[in-house]
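In what follows, a single structure is set out as structure tokens and then discussed.
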Amino acid sequence: MSGTSGTSGSSSGITSASSVSVDLSVVIPAYNEERRLAPTLDAIIDHLTATQAAATWEIIVVDDGSTDGTREVVAAVTARDARVQLVTGGPRNLGKGHALRLGVCASYGRRVLLTDADLAAPIDELELLDKALSDGHAAAIGSREAPGASIGRRQHRLREALGRAGNLLIRGLAVPGIRDTQCGFKLLDGDRAREAFAASRLNGFGIDVEILHHFRRNDWPVAEVPIRWSHQPGSKIRRRDYARVLGELAALKARSARHTLRHARPADVLAIITFLLMSVALYAGRWLDPNGRYLPDSLQDQNQWEWFFAVTANNVAHLRNPLFTNLQGFPDGVNLMANTVMLGLSVPFTPVTLTLGPSISLALAMTLGLAATAAAWYWLLVKRVVRHRGAAFAGAALAAFAPPMVSHANAHPNFIVLFMIPLIVDRALRLCTGARTVGDGVVLGLMAAYQIFLGEEALLLAAMGMLLFAAAYGLVQRDLAREYGRPLLQGLGIAALVAMPLVAFPLSWQFFGPQSYTSIGHGDHAGNSPLALLSFAERSLLAGDRERADALSLNPTEQNAFYGWPLALLALGIVVRLWERPLVKALAFTALTSAVLSLGPKVRLPQTDLILPGPWALLAEKPLFESVVEGRVAMICAPVLGMLLALAWERLAAAGSIGTQYIGFLAIALALLPIVPAPLRSVERPEVPAFIADGTWKSYVDTGAGETLVPVPLPDPGNAEALHWQTTADFGFRMPGGYFNGPFGEDRTGIYGAAPRHTSHLLRDVRYSGRLPVIGENWQAQARRDFAYWRAGALVLVPQLYDEQLRETVDKLVGHPGKWVGGVWVWDLHEGD
């Protein structure tokens, strides 16, 4: 190698290291180490001579552009012992990484020891590293942070604090599980070390992280060994080097991301692309005209969610509190945190919402979110359950596109954008190993906090599913349960400590802030019928039965089971065939228990009048559970069935018999084909009246005086089109009524929509019945009080069913007829003042 100097022999007849097999190479980077290097070399030579007598070794000192007598010191030692070699790195200092790269690539050893010129870690600590390497590890690295480490002379407090902070960042971003990446005392497998350093690019102190990252990416095991260490004066590390390491870390992560993309398996890329195409196909009708199409099976939820995205963007743009607004529900307002506005999604989507509008923003969020959820389940299945990519794809597709998920895809992004749930499951499983309880606990806490801002009920259901699985798995694997229990509980405690400060204020606002409520009921029929678990959903492409699905569900967005009897039979067959596996037993228990809980507190036996108490009755009145739609618990079955399917698929793919494969895959096809989803129905949405769209309303409502515009009848969960008017007008006006969850009465029970007043209740009755009420002075006086409460500037009636009756009613309440303006009837409440 050019730039290398040394002798091929000496008076003692020692043979050149390059000509025979070398057992150990010691690589020392040196920059202006004239004073410290000679004692270090003497100590290493003495130790190796005493302990490595039966092995051949070499010492490689890499001069990194020294300006003192470093090279002369090495030359003097080389004259005595040819096993000490000098490699010159060039005329100027390029950094520790550059020096180590030259030295390792010039080495021949079966093992390579990296050590600093100051020998802060005594050379006799090599025996500890050597033992770890002999135990099957590819690298053994000295650690000042591992339990059992001994620190003699400590660094300055500031340097120590900067080092600890840097290590935390490094562990989180590049090499999880390693406490001390920067200690300069490392023993590596020679061939792997040369491969890693040859592939390295960093020249500074970040080289340690890059090499360890290379080992981790290739699944080469690394042991962290506690050692004795003592700070030596004359360190070459300066404060600016900490910033340089962070810059190198950023470059490393960017290069790692590019490497991952370049080396991603074609099957993985194909799976993600297919998930995206499946999601786009599901929403094809909506994407034909995102601003002009509406999903009718969403009922009024599309209007509501578009409003949620729009009001969040409006609050962010105007630096207002994102947890509250009085733009609807005036004057009381809406507790947005209590209405699951998905701040974790709607806030990041603010630029999209402000630029393209809430309709496109919501459509994009739901389409990408559903595909991302499928990709996350695929990642988890490949990592934890199966290796076969086809099996993982089938399982993830079922988990993300199962009938209940498609039902909620109409208008409930909080139940389909679940990409965090597989990540949370994986992190909880990592806690069980106890490898890095603190780090994994911190990450889990951050994940849980973020999921709370995506959907609390989804997190609660996921926690229920994980608890059921853990209980079942612990029963069948008691030894593992005892081993995993302690680190898992410790990690969960750390996660709670991390998450609570982040969510404490938003949750306190949700449960105790303005317009908070205690609980919200969903009626006596929110649980699933046993038949719903075996029937087909409305949007099943081949077997959908709208009439039957409607009879067995609350509405088209709450078809929370409907897995179909063929899939139930397939799942039963898989469980019986693979029953010997503890994983299958735990999955079966989780699915069966979730299905039974989803039946609700009262279970009506099909074809009879017999009603039995359901196990959900034990939870129905408990905090948090009291507001859950119990039928949704069956959604836990979707990923569980996906995992069972993946296990069966992988077993079939490995079967030696073509006949077995044919029968098995035919059974899977017959179970899945009936539940393949059809694209969601879409229709042309009602146009916003010109009165609103062209701004004519501004002539009737004095927003500066706090006046509101009042739609007739007031918007409610049955008709929330006025929310679309409001977003079209860029929230130029406030309005009473609306579609949200809020309190009612002294006990603050949750209801859908604003607390009714006499006039709003009257107009609602006319809208649904078409009957004209008798309007006298009492009703007129009550209307005036309600108009004043709402600060109404004008009332607006759009053509609709029973609009003649509504118009006549309002004429009498106001005392003068309305005027036809811009496609609506308008009553200016300033007239007659």
Side-chain angles (χ1 to χ4, degrees), residues 171-173 176-177 340 342-345 348 368-385 392 395-396 399-400 402 405 408 413-474 484-485 487-503 506-507 583 586-587 590-591 594 624 628 632-633 635-643 646:
R171 289 204 302 270
L173 295 180
T340 316
M342 293 188 76
L343 294 174
L345 194 64
L368 295 179
L370 184 57
T373 300
W377 283 120
Y378 174 82
W379 170 82
L380 181 67
L381 285 168
V382 169
K383 182 177 182 181
R384 295 285 182 180
V385 183
M405 315 305 295
H408 285 277
N414 54 319
F415 281 107
I416 64 167
V417 183
L418 302 175
F419 60 86
M420 287 302 302
I421 300 301
L423 304 184
I424 289 173
V425 172
D426 174 70
R427 191 61 57 165
L429 291 173
R430 290 178 60 167
L431 278 175
C432 295
T433 66
R436 51 187 301 267
T437 303
V438 174
D440 286 331
V442 169
V443 174
L444 180 61
L446 295 175
M447 288 180 171
Y450 181 57
Q451 177 59 42
I452 285 175
F453 292 108
L454 291 176
E456 297 168 52
E457 190 171 347
L459 180 60
L460 178 61
L461 294 178
M464 289 178 59
M466 288 187 284
L467 181 61
L468 291 173
F469 177 86
Y473 199 81
Y484 293 163
L488 177 61
L489 291 176
Q490 288 178 341
L492 292 177
I494 293 170
L497 292 175
V498 171
M500 285 310 299
L502 300 175
V503 300
L507 290 181
L583 173 61
L587 290 173
T590 304
S594 300
L624 299 181
V628 172
R632 292 174 179 169
V633 179
M635 297 173 70
I636 296 173
C637 298
V640 174
L641 291 172
M643 293 178 191

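All values reported here derive from a predicted model rather than from experimental measurement. Every heavy atom of this structure was used, including side-chain atoms; hydrogens, water molecules and symmetry mates were not.
- The ring-ring contact (aromatic ring centres under 6.0 Å, His included) analysis of residues 419-466, with sequence neighbours excluded, yields no pairs.
- Leu431 places none of its side-chain heavy atoms less than 4.5 Å from the side chain of Pro487.
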Review point. Could you walk me through whether Leu468 and Ser594 pass the side-chain contact (heavy atoms from CB on, under 4.5 Å) check?
Key: CA-CA 8 Å; Leu468 291 173; Ser594 300; 3.6 Å; yes
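- Taking CG of Leu459 as the reference point, atom CG of Leu454 lies at 9.5 Å (rounded to 0.5 Å).
- Note that CG of Leu423 is 8.5 Å distant from CZ of Arg427, once rounded to the nearest 0.5 Å.
- Residues Val425 and Arg384 are not in side-chain contact: their nearest non-hydrogen atoms beyond the backbone lie 4.5 Å or more apart.
- Inter-residue side-chain proximity for Leu444 and Leu492 is flagged as met; some heavy-atom pair is nearer than 4.5 Å.
- Considering all non-hydrogen atoms of both residues, Thr340 and Gly455 come closest at CG2-CA, 4.3 Å.
- Of all non-hydrogen atoms in Phe469 and Ala586, the two that sit nearest each other are CE1-CB, 3.4 Å.
- Inter-residue side-chain proximity for Ile416 and Thr373 is flagged as unmet; no heavy-atom pair is nearer than 4.5 Å.
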**Study point:** Val385/Leu380 under side-chain contact (heavy atoms from CB on, under 4.5 Å): CA gap, chis, key distance, verdict
**Key:** CA-CA 7 Å; Val385 183; Leu380 181 67; 5.7 Å; no
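- Going from atom CG of Leu429 over to atom CG of Asp440 covers 10.5 Å, rounded to the nearest 0.5 Å.
- What you find for Ala499 and Gly445 is that their closest heavy atoms are CB-O, 3.5 Å.
- A distance of 11.0 Å separates CE in Met466 from OG1 in Thr590, rounded to the nearest 0.5 Å.
- Using a 4.5 Å cut-off on side-chain heavy atoms (C-beta onward), Leu507 and Ile452 make contact.
- Taking all atoms of both residues into account, the shortest heavy-atom contact from Ile636 to Leu461 is CD1-O, 3.4 Å.
- Put simply, the residue from Ile424, Val503, Leu446 that forms a side chain to side chain contact (heavy atoms under 4.5 Å, CB included) with Gln451 is Ile424.
- To the nearest 0.5 Å, atoms CZ (Phe415) and CZ (Arg632) are separated by 4.0 Å.
- In plain terms, the two heavy atoms of Ala374 and Ala396 that are nearest each other are O-CB, 3.4 Å.
- Here the closest heavy-atom approach between residue Ala458 and residue Ile421 is recorded as O-CD1, 4.3 Å.
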